[in-house]
Chemist: 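The structure follows.
All heavy atoms count here, side chains included; hydrogens, waters and symmetry mates do not.
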Amino acid sequence: MQVLIVDDDAAMREALCETLELQGHQCVTVSNGREALDFLRESKPCVILLDLMMPFMNGWEFRAAQLKDPRVAGIPVLVISAHLRAEKDEGELAAAGYLSKPLSAERLLKAVAEWCTPAA
């Protein structure tokens, strides 16, 4: 099963993906909400790791669009952000969880494991 990582920081996407792949997960990475919506037209990941502060389409805009589309609205989202408001916004975003940056590999893997079983 795939994990979709949506973050405008290439180094962050790479670090998250590397950590997840070491535990058997498959990753797809995109740099903004528009790219994430394009990806969701073709594939359904087991969970989305979503940064909030991004250009073109930020995390709030992406989440609003995702929730309006019944084909992808049910895909759980874990918000990953250093944004101080993000934890408060978790309920507004209807997020499955919130991980603050910087985050530990252990916490990341535990959160993703709630929604995804790594490939054998």
Side-chain angles (χ1 to χ4, degrees):
M1 298 190 74
Q2 293 178 324
V3 176
L4 176 61
I5 300 169
V6 187
D7 197 312
D8 62 324
D9 182 329
M12 176 60 75
R13 290 192 310 267
E14 184 177 324
L16 291 170
C17 190
E18 186 176 297
T19 300
L20 291 167
E21 285 178 341
L22 286 171
Q23 294 298 313
H25 297 284
Q26 296 176 356
C27 301
V28 174
T29 64
V30 297
S31 63
N32 62 61
R34 282 187 199 162
E35 292 176 2
L37 290 174
D38 288 344
F39 173 78
L40 292 175
R41 287 188 189 105
E42 304 297 323
S43 188
K44 304 296 181 268
C46 56
V47 70
I48 299 168
L49 302 179
L50 179 67
D51 184 30
L52 295 177
M53 304 298 288
M54 298 177 290
F56 306 113
M57 178 182 270
N58 67 37
W60 291 278
E61 294 165 333
F62 163 78
R63 189 66 173 136
Q66 181 199 5
L67 290 171
K68 287 180 185 174
D69 185 339
R71 296 168 298 166
V72 298
I75 300 171
V77 170
L78 298 172
V79 173
I80 296 180
S81 183
H83 194 270
L84 295 175
R85 250 188 69 202
E87 195 161 7
K88 186 180 127 205
D89 290 345
E90 181 181 338
E92 176 185 322
L93 290 165
Y98 170 81
L99 301 167
S100 61
K101 290 180 183 176
L103 60 118
S104 72
E106 179 182 337
R107 191 157 179 239
L108 170 67
L109 294 171
K110 183 178 179 184
V112 169
E114 290 184 40
W115 302 103
C116 304
T117 302

Chemist: Report the C-alpha distance between F39 and V6 in whole Å, list the side-chain angles of each, state the deciding distance to 0.1 Å, and finish with yes or no for side chain to side chain contact (heavy atoms under 4.5 Å, CB included).
Modeler: CA-CA 11 Å; F39 173 78; V6 187; over 6 Å; no
Chemist: Can you name the closest pair of heavy atoms from P76 and A96 and give their distance?
Modeler: CB-CB, 3.9 Å
Chemist: Only pairs at least two apart or in different chains count here, so list each salt bridge (charged side-chain N to carboxylate O under 4.0 Å, His left out) that has a residue in residues 95-107.
Modeler: D7-K101, D51-K101
Chemist: According to salt bridge (Lys or Arg N to Asp or Glu O under 4.0 Å), who are the partners of K44, at least two apart in sequence or on a separate chain?
Modeler: none
Chemist: Taking only residues two or more places apart in sequence or in another chain, which ones pass salt bridge (Lys or Arg N to Asp or Glu O under 4.0 Å) with D9?
Modeler: none
Chemist: When rounded to the nearest 0.5 angstrom, what distance separates CD in Q26 from CG in L4?
Modeler: 13.0 Å
Chemist: The criterion is side chain to side chain contact (heavy atoms under 4.5 Å, CB included); which residues satisfy it with E35, sequence neighbours excluded?
Modeler: V30, S31, N32
Chemist: Listed by chain and number, what are the side chain to side chain donor-acceptor pair (under 3.5 Å) partners of S43, not counting sequence neighbours?
Modeler: Q2
Chemist: E61 side chain to N58 main-chain N or O, any donor-acceptor pair under 3.5 Å?
Modeler: yes
Chemist: Taking all non-hydrogen atoms of both residues, which atom of S81 and which atom of Y98 are closest, and how far apart?
Modeler: O-OH, 3.3 Å
Chemist: Hey, what else clusters with L49 if you join Ile, Leu, Val, Met, Phe, Trp, Tyr whenever side-chain heavy atoms sit under 4.5 Å?
Modeler: V3, I5, M12, L16, L20, V47, L78, I80, L99, L103, L108, L109, V112, W115
Chemist: Taking disulfide bond (SG atoms under 2.5 Å apart) as the cut-off, I'd like each qualifying pair that reaches into residues 11-44, sequence neighbours left out, listed once.
Modeler: none
Chemist: Can you list every pair that meets salt bridge (charged side-chain N to carboxylate O under 4.0 Å, His left out) and has a residue in residues 13-24, with sequence neighbours left out?
Modeler: none
Chemist: I want to check something: taking the side chain as every heavy atom from C-beta on, are L40 and P45 in contact at a cut-off of under 4.5 Å?
Modeler: yes
Chemist: If hydrophobic clusters are built from ILVMFWY residues whose side chains come within less than 4.5 Å, do V79 and M53 share one?
Modeler: yes
Chemist: Can you tell me which residue pairs pass the side-chain hydrogen bond (donor to acceptor under 3.5 Å, both in side chains) test with a partner in residues 64-76, sequence neighbours excluded?
Modeler: R63-Q66, D69-R71
Chemist: Please give me the minimum heavy-atom distance between G59 and L50, naming the atom from each residue.
Modeler: O-CD2, 3.6 Å
